[in-house]
Colleague: 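The structure under discussion is supplied below as structure tokens; questions concerning it will follow.
In this chain, residues are counted from 1 in sequence order.
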Amino acid sequence: MTVTAVTNTTTASPVANKTSMASLGQGDFLKLMTTQMQQQDPFDPVDQKEMLAQMAQFSSLAGTTEMGETLKTISAQLDTLAEAQKSTADAVAALAAAQTA
């Protein structure tokens with residue numbers, strides 16, 4: 001497989017690179033895959049199994065990321081619920097103490 005030169009490249013620090021890699025989305029993946037398919041040698045194409053494996057891996061990663069965000073939301077809601085229950089228990093205890101006094 002021959003590699004063609006890329007123009008307009010810039011170098012970035014490793015920290016900036018981590019930030020930009022974290023913000024890549026499904027559109028970026030599809031753009032990369034489309035470019036890869038356009039640049040491949042027609043007489044030696046990329047193996048379909050390899051391409052499907054990449055797509056499945058990205059889909060799995062997207063699902064895991066979404067699940068992580070959902071779990072964070074659920075955790076925040078449970079924290080709010082626990083605080084409300086504690087406040088209620090404190091109020092009931094104060095009311096009970098006021099009635100017995």
Side-chain angles (χ1 to χ4, degrees):
M1 181 169 130
T2 56
V3 177
T4 57
V6 178
T7 57
N8 295 334
T9 60
T10 59
T11 58
S13 68
V15 174
N17 224 357
K18 287 182 183 177
T19 304
S20 65
M21 291 298 287
S23 66
L24 291 176
Q26 186 174 9
D28 297 314
F29 174 76
L30 292 174
K31 185 186 295 185
L32 180 63
M33 186 178 71
T34 303
T35 303
Q36 180 182 4
M37 292 176 75
Q38 289 172 347
Q39 298 296 322
Q40 72 180 344
D41 182 5
F43 297 108
D44 186 22
V46 175
D47 185 22
Q48 288 182 356
K49 290 179 186 176
E50 186 178 323
M51 187 71 68
L52 287 174
Q54 288 176 358
M55 292 173 67
Q57 186 177 18
F58 183 80
S59 177
S60 175
L61 177 63
T64 302
T65 302
E66 184 178 336
M67 182 174 53
E69 292 172 4
T70 301
L71 288 174
K72 284 180 185 177
T73 302
I74 291 171
S75 176
Q77 290 174 346
L78 286 174
D79 289 343
T80 303
L81 180 62
E83 290 174 14
Q85 286 177 335
K86 184 178 182 302
S87 296
T88 303
D90 291 345
V92 168
L95 249 146
Q99 287 180 353
T100 59

Colleague: Return a table of donor-acceptor pairs under 3.5 angstrom between the side chains of residues 66-83 and protein atoms on other chains or two or more places apart.
Modeller:
unit_1: T70; atom_1: OG1; unit_2: E66; atom_2: O; d: 3.0
unit_1: T73; atom_1: OG1; unit_2: E69; atom_2: O; d: 3.1
unit_1: T80; atom_1: OG1; unit_2: A76; atom_2: O; d: 3.0

Colleague: Considering residues at least two apart in sequence or located in another chain, which fulfil the salt bridge (Lys or Arg N to Asp or Glu O under 4.0 Å) criterion with D47?
Modeller: none
Colleague: Is a side-chain N or O of T88 found less than 3.5 angstrom from the main chain of A84, in a donor-acceptor match?
Modeller: yes
Colleague: For residues 49-82, which residue pairs qualify under ring-ring contact (aromatic ring centres under 6.0 Å, His included), counting only residues two or more places apart or in two chains?
Modeller: F29-F58
Colleague: Just so I know, are the side chains of Q54 and E50 near enough to count as touching, which here means a heavy-atom distance under 4.5 Å?
Modeller: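 Sidechains of E50 and Q54: in contact.
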Colleague: Is it the case that more than 12 heavy atoms not belonging to Q57 sit under 6.0 Å from its CD atom?
Modeller: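 Atom CD in Q57 is not crowded, with 12 or fewer foreign heavy atoms closer than 6.0 Å.
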Colleague: In this structure, would L30 and M55 fall into the same cluster of hydrophobic residues linked by side-chain contacts under 4.5 Å?
Modeller: yes
Colleague: At what distance, to the nearest 0.5 angstrom, does CE of M37 lie from CE of M51?
Modeller: 5.0 Å
